[in-house]
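Presented below is the structure to which this report refers.
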Amino acid sequence: MQALRKPEWNDWCPGCGDFGILSAEEMAIKELGLDLKKVVLVSGIGCSGKIPHFMRLPVSGVHTLHGRALAFATGVKLANPELEVIVNGGDGDQLGIGAGHFVNAGRRNTDITVILHDNMVYGLTKGQAAPTLKRGEKPKSLPRPNINDAINPIAMAIAAGYTFVARGYSYDVKFLKDIIKAAIKHKGSAFLDVLQPCPTYNDINTKEWYEKRIYKMTDLDPVVKEPGETVEKMTKGIARSYEWGDRIPLGIFYQNELVPTYEERIASNAPSYKNTVPANEKIVHEGKFTTLIDDLINEKVV
Amino acid sequence: MQALRKPEWNDWCPGCGDFGILSAEEMAIKELGLDLKKVVLVSGIGCSGKIPHFMRLPVSGVHTLHGRALAFATGVKLANPELEVIVNGGDGDQLGIGAGHFVNAGRRNTDITVILHDNMVYGLTKGQAAPTLKRGEKPKSLPRPNINDAINPIAMAIAAGYTFVARGYSYDVKFLKDIIKAAIKHKGSAFLDVLQPCPTYNDINTKEWYEKRIYKMTDLDPVVKEPGETVEKMTKGIARSYEWGDRIPLGIFYQNELVPTYEERIASNAPSYKNTVPANEKIVHEGKFTTLIDDLINEKVV
Amino acid sequence: MILTWMIGGAQGSGVDTAANLFGNTLGKAGYYLFGNREYYSNIKGRHSYFNLTISDKPKHSLSEKVDILTTFDAETVFQHFHEVKGHLIYNKGLENTKIDTVQSIEPELVEEISRRLGSYGNTISAAVKFAAEKGVQVIPIDYDQIARDVAFQLKVALSVVERVKNIAAVAASYGLLGLKEEYLMQSISRSFRNELYSKMNTIGAKMAMSYVKPAYDMKELPVDKRVQIDGNTASAMGKIAAGLRFQTYYPITPASDESTYIEAHQEVLTIDPDTGDKKRSPIVVVQTEDELAAVNMAIGAALTGVRAATATSGPGFSLMAEGIGWAGMDEVPVVITYYIRGAPSTGLPTRSGQSDLKFALNVGHGEFPRIVIASGDHVEVFKDAIWAFNLAERYQTPVIHLIEKGLANAYTTVDVKELDYSHIPGDRGKIVEGGENYLRFKLAEDGISPRAFLGRAHMYYTGDEHNEEGHISEASSNRIAMYAKRMKKLETADAEIPETQRVSVFGDSENVILTWGSPKGAVLDAMEMLEKDGIRVQLVQLRMFSPFPTRYVTKLLSGKSKIINIENSYTGQAASVVKEHTGIEATNHVLKWNGRPITRDEVYRSIKLILERNEKKVILDAGA
Amino acid sequence: MILTWMIGGAQGSGVDTAANLFGNTLGKAGYYLFGNREYYSNIKGRHSYFNLTISDKPKHSLSEKVDILTTFDAETVFQHFHEVKGHLIYNKGLENTKIDTVQSIEPELVEEISRRLGSYGNTISAAVKFAAEKGVQVIPIDYDQIARDVAFQLKVALSVVERVKNIAAVAASYGLLGLKEEYLMQSISRSFRNELYSKMNTIGAKMAMSYVKPAYDMKELPVDKRVQIDGNTASAMGKIAAGLRFQTYYPITPASDESTYIEAHQEVLTIDPDTGDKKRSPIVVVQTEDELAAVNMAIGAALTGVRAATATSGPGFSLMAEGIGWAGMDEVPVVITYYIRGAPSTGLPTRSGQSDLKFALNVGHGEFPRIVIASGDHVEVFKDAIWAFNLAERYQTPVIHLIEKGLANAYTTVDVKELDYSHIPGDRGKIVEGGENYLRFKLAEDGISPRAFLGRAHMYYTGDEHNEEGHISEASSNRIAMYAKRMKKLETADAEIPETQRVSVFGDSENVILTWGSPKGAVLDAMEMLEKDGIRVQLVQLRMFSPFPTRYVTKLLSGKSKIINIENSYTGQAASVVKEHTGIEATNHVLKWNGRPITRDEVYRSIKLILERNEKKVILDAGA
Ligand SMILES: Cc1ncc(C[n+]2csc(CCOP(=O)(O)OP(=O)(O)O)c2C)c(N)n1
Ligand SMILES: Cc1ncc(C[n+]2csc(CCOP(=O)(O)OP(=O)(O)O)c2C)c(N)n1
Ligand code: SF4
Ligand code: SF4
Ligand SMILES: [Mg+2]
Ligand SMILES: [Mg+2]
């Protein structure tokens, strides 16, 4: 692992919860001993979206469009399944403008890791209400109290089909790092809701506020061991995710490795996908195309 | 109620489940004695999206864009809360391309009724897999088995915040009509998953197939009577919605009128909204604007 | 020799199969075909029809009038009786059917047809009489009798043989041609694997043929190796040939047939360049949740080095605007195959048009290089699909390939050698491995930075303005240089791509026809017709709109007497693009926006009108 | 009299407040202001600065160099020392700070600044020396001492008074002006409600003022009733004045400030036309889940008869393409306020540009009428916001109102009477009640069908091609007529809207400057400067791009010696639109794409270069 020529200056606000996520993600990648060239961070737009630029490991970064990171990430992963693809995005990014992709990605179960920077505000556009902000709340930059109900990201993810669904807290870096490691190791789409204080705009859900409430779940067995358990574990995970208020649970809400990944499903229709990485194929050799279409033409001969 | 000059010719395929939905919807509107001028059907694009053109009552129809009906409908309703707004759309329309709006509309709880034509295929584009088609299934127009997991629309709707969530079946017109009536009467966003056979493209989930499986729930009390019950009723509704296979439940999965509507929430920030219909305001009178901005200007005087 | 033929019928009633079967038969008999399918945005019940030109030489367009119209339902007669000039085959049992009882005809159209029929009455008989009085041979066929006879012979219920009427209609028209009966019978048995259907149609066909006598004296011709393809397939094949490995789509007419074809041919045969071994390789095809996902997923895939593409049409393309901008900003080679249909909005989803040109040219906020090419016939569609990938990778930029519905759903027969692409080298542009201090966006004289694939080295992409490394940068001087570098690529492309490859010229004359896309075929065919009248015109066909071949077009159009712009749009968009770049204005316009393709007869007539009377604007309306 | 002033500092460090306070003070003293804020896409820590022109007569642009630069951090000195011509105020305690220790400066910029400093060294001292040698008065201020003294006097911790440095910097620069101290003190006490802060800043300001002596001899001037507004507020006020009742938005820079303003003023005062009574009426403001929802929700609302709008910028507008097409197809009056920022893609999200013009003109697949207007200053922004609704309803079509970030976030002082709009009548177009056999899309000579509101009669809308009733229709003749009807509206608009309202002309000369949008101010101000040198040019400012004022522009530009296009884009889009319509080509280009507004000095210099040396293309780069 070599250092970058010069690390980018990190321009998040002092005390931003994003720093914790960055550290945990870096540590997880390091501890897993991943081939850094093959790690790709795909992010959306927002404060959170800048994370690939700030990472101090020489992985690759694709800082995409607001709400579209999951689409880009899916393309990267399916074209080259050898890559380790991690998606970072804000709550506005993933659950507001990106909600359609968020839901539909669950249906595919591509082997990627999705990390939600859940700060309940639109940070980079100056603190508007994000989809996870509770109704009636009025963080300091809102002219009036929020009139939308909050999305429950955990429930939404389980319902959408993510096969690993967990929650972390950005200032508990060690715990978060462990969960990120588990998520990366998980085969299938892993979703991580990370509670991320935004000291600049969210003066309600602060570090102090969280630290009075969060606890690590020990009483929930989230793992599906055989298909028959699926619905039960899903509904238990969903039910638990509604616990919010005096106590806020951290940990894994649902995990199921029995569901085939999208890569496996593609291979079931196109067996050659199992041992061919599309991105590694030499489609042109010395100016000559290597794909043969004679069969296709013959099919159409009159 | 006067007849149209000449009803439009209905060009759905013979035997299409959409006919049942159309009839039930017409009957519901009639039986509720709604002022027809004030009924607006907003629809998406697909076979289902043509429904306003085919309705034989002189209501209004807004046949919008693929996936966007909910956005249009919300605009119509909030600008003129006196209108009765009913949204019809396909499963591709609402849960594929429209999933982002579907989820985020739940967070608003605008007083509208949303009817999903759930035929598990993209009808009008010739039978591709829709988001409610189960993985591994291969209706006749698919070249290969479907590799996406299905969305569970009921679970998704409850998780998103719809306050009335139910399922009907398009050939049980009477039952469907009753549920549509309840949905219209419900204060808040009502969502109705209607199982709709598509005899042309879906040769799996046919009339015969459904009629062996559907039954009307009698054992679930879906109504939230006091706020404390909310999470329990939501999770019960969600859990029940996973029942699918030999037996498929119809009826109401969740209902909660304790949640304020978006209209009420707007009025909490702007009290004049309570007794002013924006669409009825005379903003120009004999060429003169009726809005005064002197106060706004004075705020800015140096 | 040229013969035009038409069949019509309700969607879902088997008319597709019938038309294809007829086409195949003629193809086998050695004829060149150009056929188009018109249909409503509907699954079952609305009117659809095939218009086919059959010739001993390649033809690339449709006719306004047909020699033979064969029908078995009422609507087809009502919609098309006035378009027939030779033979009209119709269902005797429907003679008394009144137009206002045919519910699938739209009220506007009922009025129009009634006006057309005027004093003839309002029945099929009236329509037939109208035709007959214009010199058309009218041939009543008792389809019900045929069906009854077939059911009786095969001892099955009448309902089972309902669809024999299609093939009977085909057979009756075939009987007029004078070709060997066995050609048709072979086609029938090839088309219907099911024995009962094969028998039923064979018997029905024979019965129908007995109603007619040969009238056209056609002969079998020797056939080279020829394929019959539609535009969707031509594009798909071209993409596959070029090495496509990733295709995304969201269902939409008329684009999704391309993706469905690729999906069905997802494992392609490849040859290992080192060993010469052949093996199967996968093309990943993803049906996405929407077009936002489709374009961005393809872009993501392209970053890894695969040739990636998506295909859509107007509404979907509108949703791709932002993603295309990201690809432009991040210099991603991605191909967007843009099938143009009747617009704006949902428009006429199953009809054709060319009114999306300027949108394609200007899509996305801000300035970034983009290459826009447009195909004028099936062979061009095929080769442009290959070209598109070469351009995309060479200039590291999105390439938009325009194909109209009028080509996508039209089919033609093409000599296989025309599809030979061995002279087109595969060009992947500047590709490097990357390495330690790799700079994805290194400033370069020609604007093109060496590209490494994601996963081979570490690198950064962002839609924000960025520095050479790919990190966000707002510094003024970096912005100026990086922006100019991107735009420079278009200048490089403009310098490198021969202008003669971007404009095709046919004939020579002081009177120029300017067009692009599918009208090309109609113009070429009309030019032959005009030539017979001693009229010569020149065709200037625009093949690439960005970078625009300004110098060459200026040269071609300067000093011409007439510049006649022919286009399937209301405003004549190509003409205004030409004016924007060259300052030269079209002198006359031939415009059509009813969603139906331009026919060669319309071109022929318009050119005459313009040359004789200097008509400034001719509006076309052919096609039911 | 004209004075230019600048302050800079890290985002989130209070520099905003300081700059506003300074502006207010000068405004109170009777001066006209034109100020602009430049900032990174960042919340805290990156460099931002205000550039302010202060004058006794209205000015509408920025300068390249400033008379006074006041600073309290290091980055501002490094970024701007070369732009100062009069006084540079800096933090003495930072003299030894080296450029490469200021982490917030981007590496590209560090290199550039280091090159600029050359042999002077790499510290603040070096930069100060550089300036001093160019004749700038440099004024070191011991901010740390001030802070310590303030903390001591108020008996609070040093950290509490950290922000006193902002006001101290303002006060020091204020001290140079020669204006009464009490003006500043009043501003301070108005700005800081908190007593401690008020005191701290008052004391700090006094201390800072003691460092300087008056150098500019400014006098208080008599003030009319004047407002100080930025572009976002001007647009919001115009919309409210016009009767806006429904606004949607999705947060995006620099558009959302408009919506936040409306949200904060959601209950507007209205007068009942019948009784004269005043009451409060609600404006529904919805923060949507994305821009797809934003545009379509506004369209839905517009159908009910409210004046509905949305506001966005590039990325959001890209997502609105499809919705705008539906509004065009369905003839919905909806206003889209389009704030243009640095593009393409995410681009420079907090910077300015004009490169979205052609996208706005061509947005959405297919052809439909759209009206596109562009404002050149704050008063135009205000009045155009009203005009936009009148146009939208009169022609029943989407109206796109272009405002650049360079106006949105710039503020100016305007005499209240300039905002008088009583001469603009409210025009709601053809509105009817509807009734039984109401046809929403009735064919009409002028293309405009009488419009009834949804809920008043029954009616149909569809994005498919439709008949008069609004039902889907694919019939060819209906298509031709309905399409032409829609497009006819643009011709009607072109005939009705005076061309002189669509183009503004200033001065007269054989040398014309062609521009649109915010450069207008810089050009007007530069014209005064040029006039002093005896150089006269004419300004042709395009105000409406669709329908394009072809005849008038042709007349204006024909036979001119020079047509100089000035634009914040790379390709000179307005010039190409002009050429597309008139065939007339700009002879020279002045282009800027670094995201910073064009200054009057740049215009002045470019025009000279062009008139003297016929420079074909001048590329501008001013602005840190
Ligand atoms: C299509 C589009 N719309 C709007 C924006 C403006 N925008 C930039 S960041 C942002 C919000 C970010 O909020 P969130 O996703 O929660 O991320 P955070 O900044 O809180 O990490 C928005 C709306 C954009 N870039 N693109
Ligand atoms: C943006 C966009 N993409 C694609 C289409 C094409 N399209 C028309 S109908 C349809 C699918 C309809 O399926 P569904 O919503 O399930 O409705 P159904 O026909 O089954 O009732 C699609 C994809 C479109 N009109 N707009
Ligand atoms: S605004 Fe909030 S989320 Fe963004 S960097 Fe600052 S603290 Fe973090
Ligand atoms: S395709 Fe299916 S959904 Fe569409 S009309 Fe036919 S039966 Fe109904
Ligand atoms: Mg956020
Ligand atoms: Mg469907």
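The chains referred to below are lettered A, B, ... by the order of the sequence lines, with proteins before strands, and numbering in each begins at 1. Heavy-atom basis, side chains included; hydrogens, waters and symmetry copies ignored.
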Test side-chain hydrogen bond (donor to acceptor under 3.5 Å, both in side chains) applied to D/Ser477 and C/Glu111, C/Glu112, C/Glu108, C/Arg115, the passing residue: C/Glu112
Is there a side-chain contact between D/His581 and C/Lys579, using heavy atoms and a 4.5 Å cut-off? no
Heavy-atom side-chain proximity of D/Val363 to C/Val363 below 4.5 angstrom: no
Top of D/Asn594, D/Leu319, D/Ile584 for chain C proximity - count of heavy-atom pairs under 4.5 angstrom: D/Asn594
What part of C/Leu591 lies closer than 4.5 angstrom to a heavy atom of chain D: side chain, backbone, both or neither? neither
Under 4.5 Å, counting heavy-atom pairs only, tell me which of D/Thr462, D/Thr582, D/Leu361 racks up the most with chain C. D/Thr582
Segment of C/Asn478 engaging chain D (4.5 angstrom heavy-atom cut-off): side chain
Approximate separation, where rounding is to 0.5 Å, of D/Tyr570 OH and C/Ile480 CD1: 11.5 Å
At a 4.5 Å cut-off on heavy atoms, which part of C/Pro349 comes close to chain D: side chain, backbone, both, or neither? side chain
Given that the side chain runs from C-beta out, which part of C/Arg486 has a heavy atom under 4.5 Å from chain D: side chain, backbone, both or neither? side chain
Using heavy-atom distances under 4.5 Å, tell me whether C/Gln354 contacts chain D through its side chain, its backbone, both, or neither. neither
Can we say D/Glu580 and C/Lys358 salt-bridge, meaning some charged N sits less than 4.0 Å from an Asp/Glu carboxylate O? yes
Heavy-atom contact with chain D under 4.5 Å, split by part of C/Tyr40: both
Part of C/Ala484 within contact of chain D (heavy atom distance under 4.5 Å): both
To the nearest 0.5 Å, what is the distance between CG on C/Leu348 and CG on D/Asp464? 8.0 Å
Euclidean distance, D/Glu367 CD relative to C/Thr571 OG1, rounded to 0.5 Å: 3.5 Å
Say you draw a straight line from OG1 of C/Thr346 to CD1 of D/Ile472; how long is it, rounded to the nearest 0.5 Å? 8.5 Å
Tell me, for C/Ile340 versus chain D, whether the close heavy atoms (under 4.5 Å) come from the side chain, the backbone, both or neither. neither
C/Ser313, part contacting chain D, at a heavy-atom distance under 4.5 Å: neither
Taken to the nearest 0.5 Å, the spacing of C/Ser345 OG from D/Ile324 CD1 works out to 12.0 Å
Give, as side chain, backbone, both or neither, the part of C/Arg351 having an atom under 4.5 angstrom from any heavy atom of chain D. side chain
Minimal non-hydrogen separation, C/Gly364 against D/Ser318, with atom names: CA-OG, 3.9 Å
Hey, can you tell me if D/Trp593 and C/Tyr483 have their rings parallel, tilted or perpendicular (30° and 60° cut-offs)? tilted
Nearest non-hydrogen partners of D/Gly347 and C/Met329, listed with the distance: CA-CE, 3.9 Å
Report the distance from atom CG of C/Leu109 to atom OG of D/Ser473, rounding to the nearest 0.5 Å. 7.5 Å
When the ring planes of C/His365 and D/Phe359 are compared, do they come out parallel, tilted or perpendicular, using 30° and 60° as the limits? tilted
Strictly distance-based, threshold 3.5 Å: is any side-chain N or O of C/Glu474 a donor or acceptor partner for the main-chain N or O of D/Ser41? yes
Which residue out of D/Ser476, D/Gly316, D/Ala360 racks up the most heavy-atom pairs below 4.5 Å with chain C? D/Ser476
Between D/Ala622, D/Pro315, D/Ala321, the one whose heavy-atom pairs under 4.5 Å with chain C are most numerous: D/Pro315
Taking all heavy atoms of C/Asp356 and all of D/Gly366, pick out the closest pair and write down the distance. OD1-N, 2.9 Å
So which part of C/His466 gets closer than 4.5 Å to some heavy atom of chain D, the side chain, the backbone, both or neither? neither
Residue selection (most heavy-atom pairs with chain C, distance under 4.5 Å) from D/Gly342, D/Ser569, D/Gly323, D/Pro107: D/Ser569
Can you say whether C/Thr350 sits under 4.5 Å from chain D via the side chain, the backbone, both, or neither, judging by heavy atoms? side chain
Which one of D/Gly325, D/Gly328, D/Ser576, D/Gly583 has the most heavy-atom pairs closer than 4.5 Å to chain C? D/Ser576
With the side chain counted from C-beta on, respond yes when C/Glu106 and D/Asn467 share a heavy-atom pair under 4.5 Å apart, and no when they do not. no
